Amino acid sequence: MFNIRIGGEAGQGMNTIGTLLAKSLLRMGYHVFTSKDYMSRIRGGHNFSDIRFGSKPLQSGTEKVDILLALNKETWEIHKNSMTESGLLVYDPDDFSPEGDGPEKAGFPFLKKAEEIGDKRIAGVIALGLIHRIFDLSPDHLKKILSEKFSGEILEKNIKGLDLGYQEGEEKFSIKPNPDLKGTKLISGNDAIGFGALVAGVQFYSAYPMTPSTGVLNFLSAQGEKFKILVEQAEDEIAAINMALGASYGGVRAMTGTSGGGFSLMVEGLGLSGITETPLVILNGQRPGPATGLPTRTEQGDLEFVIHASQGEFPRIVLAPRDVFNAFSQTVRAFNLAEKYQLPVIILSDQFLGDSEQTISDFKPEDFKIDRGKLLKDYKEEKPYLRYRYTEDGISPRLIPGAKDQVVLVDSDEHNEAGNIIEDAETRTKMVEKRMKRMEKITEEMEPPLYKGPKPEKVELILVSWGSNFGPVEEARIGLEEEGIKVGHYSFVDIWPLPRGDWEKTLKEKEWALIENNFSGQLGSLLQKREIGYPEFFLKKYDGRPFTGDEIKRRIKEEVANRG
Amino acid sequence: MFNIRIGGEAGQGMNTIGTLLAKSLLRMGYHVFTSKDYMSRIRGGHNFSDIRFGSKPLQSGTEKVDILLALNKETWEIHKNSMTESGLLVYDPDDFSPEGDGPEKAGFPFLKKAEEIGDKRIAGVIALGLIHRIFDLSPDHLKKILSEKFSGEILEKNIKGLDLGYQEGEEKFSIKPNPDLKGTKLISGNDAIGFGALVAGVQFYSAYPMTPSTGVLNFLSAQGEKFKILVEQAEDEIAAINMALGASYGGVRAMTGTSGGGFSLMVEGLGLSGITETPLVILNGQRPGPATGLPTRTEQGDLEFVIHASQGEFPRIVLAPRDVFNAFSQTVRAFNLAEKYQLPVIILSDQFLGDSEQTISDFKPEDFKIDRGKLLKDYKEEKPYLRYRYTEDGISPRLIPGAKDQVVLVDSDEHNEAGNIIEDAETRTKMVEKRMKRMEKITEEMEPPLYKGPKPEKVELILVSWGSNFGPVEEARIGLEEEGIKVGHYSFVDIWPLPRGDWEKTLKEKEWALIENNFSGQLGSLLQKREIGYPEFFLKKYDGRPFTGDEIKRRIKEEVANRG
Amino acid sequence: MVDKKDYQNTEEIAWCPGCGNFAIRLALQEALAELNLEPHQVVIASGIGQAAKAPHYLRINGFNGLHGRAIPVGTSLASIRKDLKVIVESGDGDIYGEGGNHFLHAFRRNPDMALFVHNNQVYGLTKGQASPTSEIGMKTGVQVKGVTNLPLNPLLIALVSGASFVARSFAGDKKHLKTMMQKAIEHKGLAYLDILQPCVTFNKINTFKWYKERVYHLEDDHNPENWEMAVEKAREWGEKIPTGVFYQKERRVFAEDFPELSREEIFDPRERVYCWPELLENYK
Amino acid sequence: MVDKKDYQNTEEIAWCPGCGNFAIRLALQEALAELNLEPHQVVIASGIGQAAKAPHYLRINGFNGLHGRAIPVGTSLASIRKDLKVIVESGDGDIYGEGGNHFLHAFRRNPDMALFVHNNQVYGLTKGQASPTSEIGMKTGVQVKGVTNLPLNPLLIALVSGASFVARSFAGDKKHLKTMMQKAIEHKGLAYLDILQPCVTFNKINTFKWYKERVYHLEDDHNPENWEMAVEKAREWGEKIPTGVFYQKERRVFAEDFPELSREEIFDPRERVYCWPELLENYK
Ligand SMILES: Cc1ncc(C[n+]2csc(CCOP(=O)(O)OP(=O)(O)O)c2C)c(N)n1
Ligand SMILES: Cc1ncc(C[n+]2csc(CCOP(=O)(O)OP(=O)(O)O)c2C)c(N)n1
Ligand code: SF4
Ligand code: SF4
Ligand SMILES: [Mg+2]
Ligand SMILES: [Mg+2]
């Protein structure tokens, strides 16, 4: 397992270099995990990308850097203390000279050499050549990748640069690829969510740009034509959610996506989905708040907000995907749940998950089923169609408007079975009960947290996480196990309504630690309502950065040691 | 204690008749409680007002009707089963003829007589004359009231009508006034909130009309000129809250008001108040949701919503006034708390409280203190002023902008002490902690629920209510006590952060009943987080109507009986 | 042939007797029937207010959504369901006040739908506050000293925003109103029709009589393709108030490249899986 | 005399090198200094975006609020604090997109403040999506086949909404820009100035060069009191783009009856208790 960090100013092309490297590693048969740390600006400042790779699955970033490709001095200053003992700094001596001791250093005049070859933009590729050599990796895959991207003279220059870097490098590390990795893909959380929507058959997506959810908007825009999806950038988030609801009423699968600030503006629309029983999938890619907060950073600060958002009471479902593949499959599921129960389903992601890339195994999109619930294409019964017909389970058949001789009326006021406004106490009571009734069945359908680790009886402590913290916590758990410290791990994805299950009893009996990327412990607060009680230890982080596996491992180790 | 119900179509002038009657009763020395049940339409439909009066304080409506003034047949049909055995129907035989047995009936051709006098609009006053006579009450106060409103010929006709009605009536009931009631006033919850804002020195109020909060907008608009308050109807609720924040930044006390749907639109602005630490008072007059719901009805469905609204984490205070006088005094306090802690304070009222009128004792507005917290009129220290200076208690001195040579910068991004955007982990962490630190002091300041009834050790059951349910629950508790059933009552007003206190221990030990005007038991959910556990009995109501004292009494009596 | 009775339902109407809304309702019913549209082929998207109750008082598809948010609902619906006739119908407070941003941007998109605004120059349902079109000086419970904000001229906003159809009619002129509605419904693109609608309860200034005395039909020599002329006419207000089609010129319709989806395609979006393998290639 | 250095602070500027925003910042600094306004007498209310970072890069009072919401903040501030000069400064996405409803209604109120829009015809901070003023055909990561919605003409919107001051300038014409800013700041009422601001990173169409080739100053014979002329000029876009004051005519300012509050009155609103007893009389 190695971690390569590429750092510099915004605009220096770190993303391109990182992507090329990651793809090359992927094709050679490594597991890859990449993550991004960037500022809310377009040029300047300090950004960096981490590319971790190894022969075992990777689920998190790390605090440690094996190779630092520093595109400027600031990068060196900021990250030098994160380097491992055997770490290596790769830099351009024309940029800066790294003073003092510290890790081994490999200076090479990338820019000068690139200019010699005739295009300064290939400086990065030269560095990649060097890095391939350092890990004793063949540059052939990278050549192939370059040839898929470029052609003619530009391609030639790139290959030349790559070869040059490769020649100049020196082997230092070595790691075997995993021969089983066939057909794996490297994909970001945001793309996975977009992909999930495609597979679910989304036909309408409206959004207003907002970091870190814009990736999904970009993904679907790019695929819109091929997949017959109408994608529209709305004038504001209020329009975005109301457009999506209009489309859903029209019968197609519709989705909207945003981050906390935009979600705030969608709150009234969320309730509209609730009372009209119009299915809707809403992505909230969390970033640190309140208000504008830290636009390009990560946090899990919106859980209780999205659970309780909007006036009045109505059922909703909140799913917090645990990793990249899960982001894909939960998105497909979100559409199915939204239509099965005719309500809003919120996918609670975050910048860490959205912007990280992870290797996923091969899969067939068509294996993921579409379930449109009680949707009717036509209606030919004697009695006129009633949108809110009372039923056993509280779910009324939903007719696509336009069916011959039938009308479909939905209403944001309290209404009767036909959808017409009412004010009487009796109908109101019945309609509230009709809507709320679905909660029971939904609660049954919610999956209990995934348990990882030795049997609960055998562990010292159970780590409890939700959403994207899964990866870092898992890395920590496995690391601890390797050191002989046995801990378990409950990872929540289905978070509202909170599922029932054995986990409740287990947590009541065992000591447990709560790990959340926020200040107040919002999952903890949900657990308290279930009378699970308070955790023995609350590991929280609210500086806008994701946890890393090693960080959690260290903190839990300390905790376990302290508690004797 | 009597209840007079006036019912008819919207537009038939029930409000005017009710107001005259209530004022007359008030001046005669009775306690009065009025409530309104009206539809979301301007003409037609069925509306009614209840005017209860008696010699002891009244805090709720009742299911029973002593006098029904039915302005149309529908009123009679709907309410005939609510009448007491000794009840009396007052009606105009030219309108309809009440068939069958049932209560005593007093028919009188109000309209015809009014026309004879020369103005059909005085039909209502004739009826009032009749009603005064029925209760053996002098019409003199009413004459005085009419003379304050009208003059000349119109006044004469009104007096004539009143006298006529009085002559034609027949004494039936009698009740002594309360000689101690001097200087009492009859005021609605909405006016009380507006009055509270005045007394607190509000100088800016912006809102978008929304039932049931519009009363406060009307009140302040009417007083704006006299009290130098800038009142503006905004183009939408988003503008309303942002305007209020701009004014508050400018140094004046600012407030906005709305109901759930508008509050939804203010959610992002709420977070802006949170991160910029700009004091703001927000009224949310609850009505049944979700979405448009039942616009003119009542519910307590927004508690968890307002507590958790907006992305990210920041302190806020939620106060749910328990009755009309409390609505006044909590509003004054809301302004003080908002400035003391530099955060948003939400007044959680509802249609029941907002539209009900209640007698309140005499008070001196000037006895209510204004505390502007760490507001600085000027700043003359050496070091430049820093809006977000780190302090012991997390509260930074707040300078009114415009102070010579100093600038005041606030920011919705994460920021440093000066208010400038930052992105580093360290400052972020410190700022989160600075903001959240205030929670402890606030929690200490929150008042525990008011306890009413015999000592907890002595009661069978404790009723737990919040906000406007106080009155109905109190009437029930007192009624039960009169029948020998001893119950206690905790009434929450300070609801977020949830106060600490003996009550926690008491509730853990005793059996208790939760009484909420919603479906899911939202206060209950907050109590569960405190590990109070679940109530023995949950009395809920979500039909859009308020509880009445007799209804609660009946239900609790059943419950106590069942539990044996 | 469709009969206007096909649009009749049995709901009790909660408008005040004498309200201008009744005539609008009747005109719409007739307009649709005469266009031979069946109730299931038409959807009304509305907001909240008196006007916005419209879909309840006809037998018709309806999306009675949030205050101010009917335009986005109609926009997506008209684009994803090209087989349906979409009408957005709401009040002046709803469309020009709360929903102002959607109004502004709707013309830029030009979705294929009709937009009918019951403009009574007041907030009816919330009991008489000023709306964005209320006249200066109008006193209300909130505007106690009279309105001071300049009224919006929504026709001008539409014209300068690229509207492809701008018209005005009057609830007291039912035949004209019906014709305008029909033209709007038949127009390809966003057809905006402002309807002067007396509110007998709260607007004591702009009454039936007030409008009747002022309203006139645009003459035959008004050229609706002439934008400058349209602007000039749209500025006329006060002594004389023109009604008719101010402007009409077709242009690109929103989502016009987006295909009309069949009922089957909507119901089963599966057939589109063909390019997944290709897409997955991007990720290796 | 105030020096433009008095407005200098030490914050690192997060704009891209070469961005049009730098010139705007400098022009504002000079404009304010030359008007002899001190930093504590001026407030900038801004939203979110690259442009909206403006208050951080000057030593000045600032309310850097939410995306799209600077106008309401400025409106109340200007009205309750008549002693302060209020400037609302933000981007085109912020003011015309997210904040469109406030833009529309601001002119109706005419609060006494200046409104400076950095119009780079693109969403800069969120990496290059189309803004309401982006030109048809502009390709972006979201508008993959090019923009199809008609761009908004914000000057026309202002003109038809009753704006009392409408102007345009260009970041590449600093002297003109400074003069326009000064005129706007000195105007009594809402002074709206659209500033053409090249975004060197994301807008490859409307570059410095592109604007330079097109921009010209309104001639002396342009009469800014002539509304029709202003509309005509505001419609000009493409080969030639006029800059200057298109329209200026004072009219009632928002909250003009509301008194200027002294610092004491703000700090201690107690003195207003006198009419309580009278008010309490209403309730018996
Ligand atoms: C978000 C929100 N804000 C406010 C309201 C309250 N409200 C309901 S209707 C209305 C105004 C209606 O005016 P208009 O649209 O002109 O319709 P009219 O009743 O005059 O036909 C308002 C403010 C609401 N329902 N939702
Ligand atoms: C409610 C909300 N939605 C979306 C965003 C994301 N966002 C930040 S800046 C911006 C657009 C900026 O464009 P513009 O106002 O033109 O400013 P520029 O960066 O071009 O100067 C957006 C969409 C946000 N911060 N808040
Ligand atoms: S209030 Fe006005 S608009 Fe509403 S129904 Fe009555 S008359 Fe019509
Ligand atoms: S992205 Fe564009 S607008 Fe933003 S700073 Fe860079 S050049 Fe300027
Ligand atoms: Mg209206
Ligand atoms: Mg821009």
Side-chain angles (χ1 to χ4, degrees), chain A residues 23 26-27 183-187 191 195 198-199 201-204 206 223 225-228 230 232 234-236 238-240 242-247 249-254 268-269 272 276 365-366 370 372 375 377-378 400-413 419-421, chain C residues 9 11 14 38-41 43 45 48 53 55-56 59-81 83-84 101-102 104-105 108-109 254-255 257-259 261 263-270 272-280 282-284:
Chain A
K23 276 195 187 267
L26 177 77
R27 294 205 192 168
T184 53
K185 306 283 179 301
L186 182 70
I187 179 167
D191 276 14
F195 208 95
L198 279 192
V199 168
V202 71
Q203 286 170 312
F204 188 86
S206 45
Q223 304 308 327
E225 195 170 11
K226 270 193 204 153
F227 287 86
K228 282 196 202 168
L230 183 50
E232 179 64 1
E235 58 271 29
D236 57 31
I238 304 174
N242 282 282
M243 281 181 180
L245 285 168
Y249 164 83
V252 304
R253 292 196 142 181
E268 200 192 6
L272 180 62
T276 59
E366 45 276 43
I370 289 185
R372 305 210 57 182
L375 183 69
K377 189 163 54 178
D378 270 304
I400 297 177
K404 181 84 183 142
D405 287 340
Q406 300 299 336
V407 298
V408 183
L409 176 63
V410 301
D411 185 10
S412 77
D413 295 274
N420 286 116
I421 303 184
Chain C
N9 70 3
E11 284 299 299
E38 295 188 65
H40 71 270
Q41 299 175 311
V43 196
I48 295 295
K53 291 177 183 168
H56 293 279
R59 200 184 141 258
I60 202 161
N61 291 302
F63 189 112
N64 182 186
L66 299 172
H67 183 53
R69 315 304 171 188
I71 287 178
V73 169
T75 302
S76 55
L77 200 47
S79 318
I80 205 96
R81 291 300 307 276
D83 56 325
L84 297 174
N101 205 27
H102 316 306
L104 195 60
H105 290 270
R108 300 183 47 226
R109 289 197 181 89
F254 178 62
D257 311 329
F258 191 74
L261 302 172
R263 261 184 122 62
E264 284 62 40
E265 250 176 321
I266 289 172
F267 194 73
D268 179 13
R270 263 300 180 191
R272 296 170 309 145
V273 299
Y274 63 94
C275 43
W276 282 343
E278 194 184 309
L279 184 56
L280 275 169
N282 294 344
Y283 296 98
K284 45 157 254 204

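Note that the coordinates shown come from a computational prediction; the quantities given were computed from them, not determined experimentally. Chain naming here is simple, since letters A, B, ... match the order of the sequence lines and numbering starts at 1 in each.
Shown here for C/S79 and A/L230, the closest heavy-atom pair between the two residues is CB-CD2, 3.5 Å. Residues C/P72 and A/A239 share a closest heavy-atom pair of CB-O, 3.6 Å. Listed here is the closest heavy atom pair of C/G65 and A/S412: O-OG, 2.8 Å. C/R81 and A/G250 get closest at one heavy-atom pair: NH1-O, 2.8 Å.
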- Evaluate side chain to side chain contact (heavy atoms under 4.5 Å, CB included) for C/H40 paired with A/Q406, printing each intermediate quantity in order. CA-CA 6 Å; C/H40 71 270; A/Q406 300 299 336; 5.6 Å; no

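Under a 3.5 Å cut-off, the side chain of C/N61 and the backbone N or O of A/V408 do form a donor-acceptor pair. The main-chain N or O of A/I238 is never found under 3.5 Å from a side-chain atom of C/R69 such that the two would form a donor-acceptor pair.
Residue C/P39 touches chain A through both its backbone and its side chain, counting heavy-atom pairs closer than 4.5 Å. The contact between C/R59 and chain A is made by backbone and side chain atoms together, counting heavy-atom distances below 4.5 Å. Heavy-atom distances place both the backbone and the side chain of A/K377 under 4.5 Å from chain C. Contact annotation for C/D83: neither backbone nor side-chain heavy atoms come within less than 4.5 Å of a heavy atom of chain A. Heavy atoms closer than 4.5 Å to chain A are found nowhere in C/L104, neither backbone nor side chain. Only the side chain of C/E38 comes within contact range of chain A, with heavy atoms under 4.5 Å apart. Only the backbone of C/I60 comes within less than 4.5 Å of a heavy atom in chain A; its side chain stays farther off. Using a 4.5 Å cut-off between heavy atoms, C/I48 contacts chain A through its side chain alone, with no backbone atom that close. C/F258 touches chain A through its side chain: at least one heavy atom from C-beta onward sits under 4.5 Å away, while N, CA, C and O do not.
The candidate from C/N101, C/I266, C/L66, C/N9 with the greatest count of non-hydrogen atom pairs under 4.5 Å with chain A is C/L66. Annotation: maximal heavy-atom pairing with chain C below 4.5 Å, among A/T276, A/D411, A/D236, A/L375, occurs at A/D411. Ranking A/D378, A/V199, A/V252 against chain C, the residue ahead of the rest is A/V199, based on heavy-atom pairs under 4.5 Å. Ranked by heavy-atom pairs shorter than 4.5 Å toward chain C, the options A/I400, A/L245, A/D413 are led by A/I400. Contacts with chain A were tallied for C/R108, C/H102, C/H105; C/H102 has the most, counting heavy-atom pairs under 4.5 Å.
Here the side chains of A/L409 and C/P55 are in contact, with some heavy-atom distance below 4.5 Å. Side-chain contact check for A/R372 versus C/P269: some heavy-atom pair is nearer than 4.5 Å.
Of the options A/T184, A/L186, A/D191, a side-chain contact (heavy atoms from CB on, under 4.5 Å) to C/Y283 is made by A/D191 and by none of the others.
Every residue meeting the side chain to side chain contact (heavy atoms under 4.5 Å, CB included) condition with C/V73, not counting sequence neighbours, appears here in chain and number order: A/N242, C/A45, C/F63. Taking C/N282 as the reference, C/L279 meet the side chain to side chain contact (heavy atoms under 4.5 Å, CB included) condition, with sequence neighbours excluded.
In this structure, CG in A/D405 is found 10.0 Å from CD in C/Q41, a value given to the nearest 0.5 Å. To the nearest 0.5 Å, atom CD1 of residue C/I80 and atom OH of residue A/Y249 are 14.5 Å apart. The distance from the CD atom of A/E268 to the NE2 atom of C/H67 is 9.0 Å, given to the nearest 0.5 Å. Taking CD of C/E11 as the reference point, atom CG of A/N420 lies at 3.5 Å (rounded to 0.5 Å).
Salt bridge status for A/E232 with C/R109: present, with a side-chain N to carboxylate O gap under 4.0 Å.
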